[in-house]
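By convention here, the first residue in the shown sequence is residue 1. All of these numbers come straight from a predicted model, not from anything done at the bench. Below, each value reflects all heavy atoms present in this structure, side chains not excepted, and no hydrogens, waters or symmetry copies.
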Amino acid sequence: MSAKLAPEAFAITTTPRTITICAATTRARLFAAGWLLRHLDDLTLTAPPHVAEAPAMAIRGTQIGYRAKNNSYDAWGLPMLTRRIEDFALLGGNRIQFVAPVSDDAATSPLSPLPATETLIAVAAATHRLGLDVALFYPLLRDYEKSGSADAEVADFATLAARLPALDALYIPGGDPGHTAPDRLFPVAQRIAAALRRRFANAEMLLSTQGFDAAGLDAFHAQLAKHPRWLTAIFVGPQTRDSLATHRARIAGRLPVETYPDTAHTMHAQFPIPDWHPAFALTQGREPVNPRPAATAQIFAYLAPQTRGFVTYSEGVNDDWNVTQWFRLGWNPATPAAEIAADYARMFVGDMAFAAVPQALEGNWRGDPSANAGIDATARLVADLKPARWADWRIDLYRYRATYDALVRHRLIAAKAAQGEALWTLRQAPATGAEPAVVAARFAYARPEPAMIAPLRADLTAIADRLWRRARMQLSVPRHGASNWERGANLDRADIQLNDRTSVEAAMTEALTRPDAAARLYAIGDPWRSRDLALYDDLGDPTAEPHLVRGPGFDTDPQSLASAIDGVADHIPDEGWRMADLSYAEGLYETPVRLSYTGLERNRRYRLIARWAGEDYALPMRLTGDGVELHGFRPRKGDRETVETPIPQTLTANGTLTLEWHRPAGIGGGGRGHQIAQTWLIPEPLSPEPKAPGAEQ
């Protein structure tokens, strides 16, 4: 019977005494074994008497990077890596993509038990023994304008390929990393393809459109129009300015299309968390434990049509749930997230109560954590789990996230209370005097943290250490040897300030040096310009940006190509940054940051004060009001700049105004850097009024 089955199909027949698996290949037998494991409940098989299954998508892969940037794999030995590959096969994966030892990374990781090339050879052999496809992610990082560079690249690849026991597919990105223009990329890739097929005759060759600007994408498609016979398919991943639908339209069926979805990251990413609160972004960062069952289902539905499959872009184990869900949806796109969660509980935890955890953790990240009591309920749900004795490190992934969420919630509640009290006392300065107001504000900031926070912090550290021991997950730079806090090492961020204490302390200290009482009062009293009746937006904080135009939103635009994105800069309040300067709104590529105002006074003039802050970008922006240019393209000066712009009264005469910040058209890369942190639209006085003594002009 097995000879009649397709290479990846299987059939299972069960009787009270026997289980019979029919499959034609090694990989199909692994897929069948995974099906059985997902239907075992306390060693009892819950299955119909006959099952026959085959996958919906041809390519179902994920990436393993044995490199310093990885948050776990670079510290794994061969037995752990082999077990990981086996788990992927049991989940329905058929292609494992390894990052070649030529990436934009350190040459070695101090945590690695073996050299990168030796490890690559060994894991390729293990993958091949399991009957799975061995794939290689191979960036082109040389300057191919230089004589001899292409020859050296081809020679290096041929030397590596000669040592590999198997290679079924080679993936060369256009960028991220890499910077080779298409007119150079295609000839070099063609030569590498020839070297590839001299060693592995049937290997596939794929290129991506990552990193190109608009002109580069045009050049890429011009090369595709020449019908390169050596090219197997195109893969579409992060840092690609055209949507997948645009790719499909431009490729017009000439080549198959694969996706390279980013399952690892929450911000500065292909699929940022929509409306993510700054407190989470500041602490948990870009690469946290991030199960996203509902979002992953939407992302899959957005990317999968008219593609032959995917290789998920992962940086370790933090996204284990998302990778699992992609494998299951690649096998059967109709699989509900709840079914996947129940199967995950059976395979890896041993307590069916776990099935509610991924959805609960996803819900933790909706809205203001200080107002989300569901975070505490999720922490209790996870704490009450009773994993089986055989449960592996995965249970601690979710313990860590649930504990971290609870810690952020209760630290934020305390930080907001302290900040609220401190700012209230400063607003009383005209009645109490500057010096007493400052003393009271400092007292408010110095209140001790609630008693429940210390045990949460201790639990978080203990779980992080267990994850290091059991899964080599690097949640701290000093404790676990992580390469950088952005690479998942968010234990090091768990205690950063969540209010403006450092900044306000500095402002109060400076204010008290002013020469007279009136100047001191003015300096400490109102940095929020409430006395100016400003229409204020703290851009980047989804609870405090009432005038931001969000655009289509995640449901129809999960890549946020046409939607506003809330982000957080690579700084912290402890450095003296205000929370409002740390958070920002941005648009990608040609999508402007757009604010819309209604109900304006028709007989008033207005002026706009905008705070240009965020990440370390100096890219120029242009401001328009209702389509009229208010200032031309100008770069940002420094990491925080205040830009004041008068608004012509003709633009607000009808009581409305739309402001837009634009970037130059045609940019490539991630399309980012288009960031505004705060805005104040201020009505001008109807008649001049004297300024307060010592007030800034």
Side-chain angles (χ1 to χ4, degrees), residues 64-77 80-81 84 105-106 109-113 263-269 273 276 279-292 314-323 348 357-358 361 364-365 369 375 378-379 382-383 387 391-411 453-496 498 568 570 572 574:
I64 291 179
Y66 195 76
R67 58 181 188 146
K69 286 180 182 175
N70 199 278
N71 65 47
S72 44
Y73 295 144
D74 60 321
W76 286 23
M80 290 178 70
L81 288 165
R84 186 69 164 156
D105 210 331
S109 166
L111 302 177
S112 296
T263 55
H265 299 122
T266 52
M267 62 181 183
H268 313 168
I273 304 286
W276 208 27
F280 283 137
L282 279 169
T283 54
Q284 303 209 38
R286 184 170 182 256
E287 204 170 282
V289 179
N290 63 346
R292 302 178 66 185
S314 176
E315 289 285 11
V317 301
N318 67 295
D319 56 351
D320 188 71
W321 166 270
N322 302 330
V323 172
F348 301 120
V357 169
L361 288 172
N364 280 6
W365 281 355
I375 291 172
T378 301
V382 174
D392 63 12
W393 47 264
R394 288 173 174 85
I395 181 61
D396 278 330
L397 281 181
Y398 307 104
R399 287 171 173 157
Y400 183 81
R401 228 312 281 289
T403 304
Y404 207 132
D405 288 353
L407 179 63
V408 170
R409 167 171 157 76
H410 290 284
R411 289 193 65 239
I453 290 178
L456 285 170
R457 185 183 294 114
D459 287 349
L460 190 73
T461 302
I463 299 166
D465 288 345
R466 280 205 307 272
L467 281 165
W468 164 246
R469 291 193 300 271
R470 301 181 72 192
R472 284 296 183 253
M473 192 173 185
Q474 299 143 37
L475 290 161
S476 168
V477 175
R479 294 177 76 91
H480 311 134
S483 60
N484 184 285
W485 81 265
E486 282 193 315
R487 296 293 170 174
N490 58 27
L491 182 65
D492 298 341
R493 305 272 291 193
D495 281 325
I496 66 171
L498 295 177
V568 168
D570 295 328
I572 57 175
D574 311 60

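The nearest pair of heavy atoms linking A379 to A406 is CB-CB, 4.3 Å. Residues L361 and P291 approach most closely at CD1-CG, 3.8 Å, considering heavy atoms. The nearest pair of heavy atoms linking N364 to F280 is O-CE1, 3.4 Å. The two residues A489 and A482 come nearest to each other via the heavy atoms CB-CB, 3.6 Å. Here the shortest heavy-atom pairing between G285 and W485 reads CA-CZ3, 4.1 Å.
Under the 4.5 Å side-chain criterion, counting only non-hydrogen atoms from C-beta, L456 is in contact with T403. Counting only heavy atoms from C-beta outward, the side chains of I453 and L407 approach each other to under 4.5 Å. For the pair P288/W365, a side-chain contact is recorded, criterion being any heavy-atom separation below 4.5 Å from C-beta on. Taking 4.5 Å as the limit, every side-chain heavy atom of I375 sits out of range of all side-chain heavy atoms of H410. Side-chain contact between R84 and V317 is present, with heavy atoms from C-beta onward closer than 4.5 Å. By the 4.5 Å heavy-atom criterion applied to side chains, F348 and I395 are not counted as neighbours. With a 4.5 Å cut-off on side-chain heavy atoms, Y400 and L491 count as touching.
For the atom pair CG of N318 and CZ of R401, the computed distance is 11.0 Å after rounding to the nearest 0.5 Å. Between atom CG of residue L397 and atom CE of residue M473 there is a gap of 5.5 Å, rounded to the nearest 0.5 Å. Here the OG1-OH distance, from T283 to Y404, works out to 4.5 Å after rounding to the nearest 0.5 Å. Annotation: the span from M267 atom CE to E486 atom CD amounts to 7.0 Å, rounded to 0.5 Å. Once rounded to the nearest 0.5 Å, the distance linking OG of S314 with CG of N70 reads 7.0 Å. Distance CZ/R411 to CG/L498: 4.5 Å, rounded to 0.5 Å.
For R493 (side chain) and L282 (main-chain N/O), a donor-acceptor pair under 3.5 Å exists by modelled atom type. Between the side chain of N71 and the main chain of L475, no donor-acceptor pair closer than 3.5 Å is present. In terms of modelled atom types and a separation under 3.5 Å, the side chain of W76 and the main chain of P113 share no donor-acceptor contact.
Sorted by first then second residue, the salt bridge (charged side-chain N to carboxylate O under 4.0 Å, His left out) pairs that include residues 475-484, not counting sequence neighbours, are D465-R479.
Inspection of the T263 and N322 side chains reveals no N or O donor paired with an N or O acceptor under 3.5 Å. Using modelled atom types and a 3.5 Å distance limit, the side chains of T266 and N290 yield no donor-acceptor pair. Looking only at atom types and distance, the side chain of Q284 has a donor-acceptor partner in the side chain of D405 under 3.5 Å away. For the residue pair S476 and D492, a side-chain donor N or O sits within less than 3.5 Å of a side-chain acceptor on the partner.
Both tests hold for R472 against W468: distance to the six-membered ring centre under 6.0 Å, angle to the ring axis within 45°.
Look at K69 and E315 and you find no salt bridge, because none of the NZ, NE, NH1 or NH2 atoms lies under 4.0 Å from a carboxylate O. A salt bridge does not link D570 to R286: none of the charged nitrogens lies less than 4.0 Å from a carboxylate oxygen.
Under the rule for a salt bridge (Lys or Arg N to Asp or Glu O under 4.0 Å), the partners of R466 that lie at least two apart in sequence or sit in another chain are D396.
Only one option out of S112, S483, S109 pairs with D74 in a side chain to side chain donor-acceptor pair (under 3.5 Å); it is S109.
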